[in-house]
Amino acid sequence: MTEQNTAAATKPALGALRRIAATTAFRLSALFLVLFSLSAAGFVMYLTDYATRAVRSQLVERVNNDAQTLLAIYESDGLPALIDAVGDRSRAPGANLYLVASTAGDSYAGNIILYDIAALTRTGWADLEYARDDGSIVTRDGFARTFALEGTFRLLIGRDLEEQSRLRAIMLSAGSWGAGGVVLFGLIAAALLSWRVLRRIDTLTETTRTIMATETAARLPTTGSGDELDRLAEAVNAMLDRIGTLMRGLEQVSNDIAHDLRTPLSRLAARTEAALREDQDPAAMRAALEAGLEDTRELIRTFEALLLIAKAEAGAGHHTFARVDLALIAKEMAELYEPAAEDVGLQLSVRADEPAFVHGHRELLARVIANLIDNGIKYGAQGTPAELSVVVEQDQGSVRLSVTDHGPGIPQEERARVLARFVRLDQSRTKPGYGLGLALVSAIAKLHGADLSLDDARPGLKISLMFKTLAAA
Amino acid sequence: MKVLVVEDDREAARYVEKGLREAGHVVDLAHDGEIGLFMATTESYDVIVLDRMLPKRDGVSLLKAARAKNVGTPVLILSALSDVDQRVEGLRAGGDDYLTKPYSFSELLARVEILGARRSQPLLPDTVFTVADLKLDRLARRVTRSGQVIDLQPREFRLLEYLMRHVGQVVTRTMLLENVWDYHFDPQTNVIDVHVSRLRAKVDKGFEEPLIHTVRGAGYVVRQGD
């Protein structure tokens, strides 16, 4: 492998490490590791110190006990007996350090050679360097207590410190290795954890990018563990669904506008063109202009209805909702449409005796009822009986508004389709109107949180809206 | 009638100006909110037609400023915002009527003339309206024609009252729905026409001279003679 190749190969690896090191999980873990290492080091030091001292005090006790016995021998039997006793003890395995000597350094009994006889001139505890009295030249550390005997004689009883320092070394090294291991383990765990989190976040990021780029139907993956990333992914997915719905709505609106405005616009253009082209008399020109004006008005109405549907579906107007009496609105609308219904031989009846308060928008609700009645007049005129009824009734915490005609009705399988914008069943193509009535009703019902249902009135159509009752204020 | 039209779309403004002139009114034009406010506060007008969206100062702000300077001229607000709530906001700012774009000129003219006439009306509303031999008594809730009592439904009474209050002035179908029924949407079908023809059947039928007239492409008018 060439140098460049190596560099190229290490770069992504370095990059990945850098990205892991940049994660919050890793940084937090690292911070905790530093804190933990500091406290672990402190703990090891304390433990070592404590153990060393414990061992030392044990040694001191042993030396003291030994000294007590020897001094008792000295007290009762004199210096020679002490020298004998020290001589015996010096040779026992694992013996303390002993020395009976004069301050001048002359040794009479014992098992050590002192490097510095200053230890003999003072009494009490002192650390000392010594060599074993067996010809070895190894310098050792120890500590000993010096007792003054008669004359310049001194008794020195001590203990080797080798054991203690070894223990200390072992403890320090064990502690360091242990702490080091924990830190290493922690680092690896942090890296793994960060890598895991990073991998999931990378997946989420990647999916989000894909969604942004093309695949709007894609959704963020969840592990099903219900952890915080899952919850985030679920929330984002819900948001994507909502955005999808809105986008489809927008798409629908554009399609609808294209569909329903293009036809009358082309008609208007054609009509105007024809009027201009042909050499017509003023009366025919005027007729063409009037027809054009009517087309324009129809276009404006369609346009406004579309806008209103879009607004209602986007939830606009909700903030101006107030307590309104649906029964009163129904009565007023029925009163408004009654003559028009009678004109086509339809008996319009209204039953809305009790006030029925709902939380809503008076104008929008009036449009709903107006549209339903208008629809009923259009399709129920040839019905048997030729009746159109508007009913507002209270029913267990809800207010039901229903408009029933006895016209041809809508086949079960086509009812959902009817609510979609612009869909008009084929047999109604010849009737005036622009297919927006029920779509508008549906949008306004949704804005009010009302359930809309279409039922068979055998024969005919019954359209019901269920609103939540508003408690009388 | 002297009308101020504050509208930044010059073509639309010219078209309104031309229409109002043809209907016999004097028209001043302003193309932005600042000039509009200056003209509204320094000149005396019978009606101001005010576009809602204007450069330099928007319509609602202009209206508030003018009202603050005690300009009591009736104002018709024109707006592309068709929301009922926008309408309420416009009226709350001191507007007297609200018309959504796109509108037909006949609708605009009818509303301007009604607003302008409101100024010259006496402060106390009449209790009895009389047109030719037709008489409407608001307090007694009684309508007679040539002394003969005409029996009207409450809504028919209010419809006739509105028409007679604006005798000689064209009222549109939308204006009737707004003022007689207090709803602000385009009824789309002929509902209002049917109400008017029912009223006409009671008021005009059997009498030599019809008083309720249809104005083609605009609405209705109650007047004597043709």
Side-chain angles (χ1 to χ4, degrees), chain A residues 286 289-290 293-294 296-308 310-312 316-322 328-329 331-344 348 361-371 373-378 431-434 436-437 440 444, chain B residues 15 19 79-92 98-108 152-159 172-174 176-202 215-219:
Chain A
R286 191 178 172 85
L289 273 175
E290 270 169 5
L293 191 61
E294 198 37 59
T296 316
R297 287 192 179 136
E298 173 105 10
L299 276 167
I300 290 168
R301 280 199 289 265
T302 306
F303 183 66
E304 298 226 303
L306 276 171
L307 272 184
L308 190 61
K311 274 186 189 161
H318 198 274
H319 62 285
T320 53
F321 274 21
L328 180 66
I329 300 174
K331 275 188 278 194
E332 287 178 340
M333 282 302 117
E335 191 265 348
L336 177 64
Y337 277 87
E338 191 270 321
E342 203 189 278
D343 241 29
V344 294
L348 175 60
H361 196 296
R362 179 174 174 266
E363 291 280 340
L364 292 179
L365 290 172
R367 288 196 75 149
V368 162
I369 300 170
N371 273 344
I373 294 176
D374 198 43
N375 232 54
I377 291 176
K378 257 179 226 157
K431 300 258 181 192
Y434 28 90
L436 283 173
L440 188 59
I444 294 175
Chain B
Y15 158 72
S79 171
L81 307 166
S82 68
D83 252 279
V84 179
D85 310 321
Q86 298 284 352
R87 179 195 157 81
V88 171
E89 194 198 330
L91 297 187
R92 223 173 254 160
Y98 196 94
L99 191 56
T100 306
K101 290 179 177 180
Y103 52 84
S104 64
F105 180 74
S106 51
E107 186 78 41
L108 177 99
L152 293 181
Q153 298 289 317
R155 191 71 66 178
E156 289 165 344
F157 186 89
R158 287 179 59 187
L159 188 57
T172 64
R173 292 167 182 86
T174 335
L176 287 174
L177 185 64
E178 284 176 13
N179 293 287
V180 178
W181 278 270
D182 190 28
Y183 283 103
H184 300 90
F185 61 87
D186 180 353
Q188 294 162 9
T189 46
N190 61 341
V191 278
I192 302 292
D193 299 320
V194 185
H195 277 278
V196 175
S197 62
R198 274 195 174 186
L199 179 65
R200 193 182 261 151
K202 288 184 177 175
V215 182
R216 264 194 89 196

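Below, chains carry the letters A, B, ... as their sequence lines are ordered, and counting in each starts from 1.
Each of E335(A), E332(A), M333(A) has some count of heavy-atom pairs under 4.5 Å with chain B, and the biggest count is that of E335(A).
You'll find the side chain of I377(A) stays beyond 4.5 Å of the side chain of L348(A), heavy atoms only. Looking at V196(B) and L176(B), their side chains come closer than 4.5 Å, going by heavy atoms from C-beta outward.
Contacts between R155(B) and chain A at a heavy-atom distance below 4.5 Å involve backbone atoms as well as side-chain atoms. For L293(A), no part lies near chain B; criterion is any non-hydrogen pair under 4.5 Å. Of the atoms belonging to A366(A), heavy atoms from both backbone and side chain fall under 4.5 Å from chain B. Only the side chain of E342(A) comes within contact range of chain B, with heavy atoms under 4.5 Å apart. Looking at D193(B), neither its backbone nor its side chain comes within 4.5 Å of chain A, counting heavy atoms on both sides.
Not one N or O on the side chain of H195(B) forms a donor-acceptor pair closer than 3.5 Å with the backbone of P339(A).
Side-chain contact, E178(B) with H184(B): no donor N or O sits under 3.5 Å from an acceptor N or O.
A cation-pi arrangement, defined by a distance under 6.0 Å to the six-membered ring centre and an angle within 45 degrees of its axis, is present between R362(A) and Y183(B).
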